[in-house]
Amino acid sequence: MTSLLGIGECMIELSSAGDDLWRQRFSGDVFNALWYARAHSADDADVAFHTAVGADPMSDQMLAFIRSGGIRCAETPRIADRRPGLYTIQLNGAERSFTYWRDTSAAQMMVRHPGPLWRDVAGADVVYFSGITLAILPPDDLETLLAGLVEHKKHGGLLAFDPNIRPHLWADKDRMLDVISRAAGLSDLVLPSFDDEKTAFGDRTPQDSAKRYADLGAGHVVVKNGPADTIHLQDGQLTAFPVAPVSDIIDTTAAGDSFNGAYIACLLRGLPTEDAISAAQRCAGQVIRHKGAIISRNDLGLV
Ligand code: ADP
């Protein structure tokens with residue numbers, strides 16, 4: 001049995017559904033990836049999520065939803081005076097705009113309850129985290145998390161990291177670039193999206209992003225680039241994997257997250273690289289043909 005643990009935030013999502021109606025879902029980058037990892041994992045694989053929630057009814061619903069996806073979320077810390085983060089998606093024609101209320105979210109406290117966190121980390125073959133996970137943590141907690149992940153590596157665990165660079169979540173750009181680089185340098189697998197890397201680090205090509213992360217210490221890098229080739233770098237060898245055209249794209253939310261989850265799950269199942277990449281591209285290709293971050297196994301074409 002393999003075990004994948006994701007560490008991050010899940011939020012309440014409200015998307016405008018016409019007039020004064022809102023549709024409510026749950027979403028968050030690491031959670032999204034775990035959802036698709038679960039869908040691509042062996043039945044007996046353990047897929048777990050570490051976060052923190054409040055003691056309110058919306059937190060109860062969020063946990064129930066996470067568990068409904070077959071994701072283990074057993075000892076989630078409850079922070080009595082905090083609530084889940086929330087964001088809205090408003091449509092203006094085809095343009096989507098996002099507004100966030102996450103400054104005081106319970107998830108920011110996820111490292112303050114070390115018992116469950118380190119128990120889950122110790123049991124995981126792969127720990128998956130992101131630049132958003134790091135951006136929302138208080139600085140001391142961020143250092144505690146990174147130090148714990150270094151220990152995990154010393155005991156043979158693997159780290160998978162999506163830089164998911166969101167400049168608005170960081171007060172200071174230099175610190176953002178430093179933290180992202182440190183986390184990527186610790187990681188065995190780094191899964192950036194070229195658009196983010198180009199903007200934040202000024203990379204000219206996805207190959208440049210892959211090489212930059214490899215130079216920092218990441219042994220395995222996969223750079224996603226929308227409909228353009230996916231760039232894979234491992235053991236010094238760069239390979240470009242073309243992406244099959246996808247028709248009827250309606251919402252690219254969670255394209256990268258779903259790719260990551262499917263890719264990691266396929267590697268844990270022992271699939272060769274090219275099969276894992278094409279399963280991940282197929283998964284992301286289905287996700288973007290549906291509204292919202294989370295789609296069913298049925299819509300993924302897996303049942
Ligand atoms: P992110 O959501 O992190 O910005 P990308 O936009 O790079 O990530 O997309 C992740 C993956 O989703 C791509 O590698 C590709 O497999 C798939 N994808 C995204 N956009 C398209 C598209 N227009 N056509 C086909 N596949 C796409």
Side-chain angles (χ1 to χ4, degrees), residues 6 8-9 11 13 27-37 39-40 87 89 94-96 98 128-135 160-169 180 183-184 187 189-201 203-210 213 220-233 238-267 271 273-295 299-302:
E9 178 170 33
M11 285 180 286
E13 176 193 281
S27 174
D29 67 332
V30 171
F31 163 66
N32 301 339
L34 292 176
W35 183 274
Y36 296 103
H40 287 79
Y87 69 102
I89 308 174
E95 286 294 307
R96 292 158 18 109
F98 296 83
Y128 174 74
F129 66 118
S130 80
I132 295 179
T133 309
L134 301 178
F161 176 65
D162 182 344
N164 241 338
I165 304 172
R166 298 288 179 272
H168 64 273
L169 291 178
I180 296 287
S187 298
L189 169 62
V190 179
L191 295 150
S193 293
F194 180 58
D195 267 354
D196 296 348
E197 304 300 318
K198 187 172 57 183
T199 309
F201 286 98
D203 295 338
R204 288 181 39 248
T205 66
Q207 287 83 352
D208 289 345
S209 306
Y213 284 126
H220 183 175
V221 187
V222 180
V223 188
K224 297 151 284 170
N225 191 13
D229 291 358
T230 306
I231 302 301
H232 180 271
L233 175 60
L238 265 173
T239 315
F241 291 92
V243 175
V246 174
S247 59
D248 307 321
I249 297 172
I250 60 168
D251 179 0
T252 57
T253 306
D257 304 333
S258 59
F259 180 104
N260 296 348
Y263 186 66
I264 294 169
C266 290
L267 292 183
L271 265 63
T273 301
E274 51 273 33
D275 294 355
I277 295 266
S278 65
Q281 291 175 340
R282 259 196 323 276
C283 174
Q286 283 302 107
V287 168
I288 63 181
R289 300 179 75 224
H290 296 83
K291 250 189 157 176
I294 297 296
I295 72 170
D299 287 337
L300 280 175
L302 293 177

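All values below were derived from every heavy atom in this structure, side-chain atoms included, with hydrogens, water molecules and symmetry-related copies excluded. First listed ligand is number 1; within each ligand, the first listed atom is number 1. Since we're looking at a predicted model, the values are computed, not measured.
Which of Val243, Ile231, Val287 comes nearest to atom 26 (N) of ligand 1 through a heavy atom is settled by distance: it is Val243.
Ring geometry for Phe161 versus Phe129: interplanar angle of 30 to 60°, hence tilted. Relative ring orientation between Phe31 and Trp35 is described as perpendicular, the plane-to-plane angle rising above 60° on a 0-90° scale split at 30° and 60°.
Remark: side-chain polar atoms of Lys224 are paired, donor with acceptor, to backbone N or O of Leu191 under 3.5 angstrom. Remark: the backbone N or O of Gly292 is paired with a side-chain donor or acceptor of Asp251 at under 3.5 angstrom. With Ser130 contributing its side chain and Ile132 its backbone, the two residues share a donor-acceptor pair below 3.5 Å.
Counting heavy atoms from C-beta outward, Ile180 and Ile165 have side chains that approach closer than 4.5 Å. Using a 4.5 Å cut-off on side-chain heavy atoms (C-beta onward), Thr273 and Phe241 make contact. In this structure, His40 and Leu302 have side chains that are in contact, with non-hydrogen atoms separated by less than 4.5 Å.
Aromatic ring centroids of Phe98 and His168 lie 6.0 Å or more apart.
If you check which protein heavy atom lies closest to atom 18 (N) of ligand 1, you get Gly226 O, 3.8 Å. Of the protein's non-hydrogen atoms, Gly256 N, 2.9 Å is the one closest to atom 2 (O) of ligand 1. When only non-hydrogen protein atoms are considered, atom 24 (N) of ligand 1 lies nearest to Pro227 CB, 3.6 Å. Nearest to atom 23 (N) of ligand 1 among the protein's heavy atoms is Ile249 CD1, 3.3 Å. Residue, atom and distance of the protein heavy atom nearest to atom 25 (C) of ligand 1 are Val246 CG2, 3.4 Å. The protein atom (non-hydrogen) at minimum distance from atom 11 (C) of ligand 1 is Ala284 CB, 3.9 Å. Ranking the protein heavy atoms by distance from atom 3 (O) of ligand 1 puts Ser193 OG, 2.5 Å first. Atom 27 (C) of ligand 1 has as its closest protein heavy atom Ile288 CD1, 3.6 Å.
Near Gln281, meaning under 4.0 Å from any of its heavy atoms, are these atoms of ligand 1: 16 (O). Residue contact check: Lys224 has heavy atoms under 4.0 Å from atoms 7 (O), 10 (C), 14 (O) of ligand 1.
Considering backbone and side-chain atoms alike, Pro245 places every N or O at 3.5 Å or more from each N or O of ligand 1.
The backbone of Asn225, and not its side chain, has at least one atom closer than 4.0 Å to an atom of ligand 1 (non-hydrogen atoms only; backbone = N, CA, C, O).
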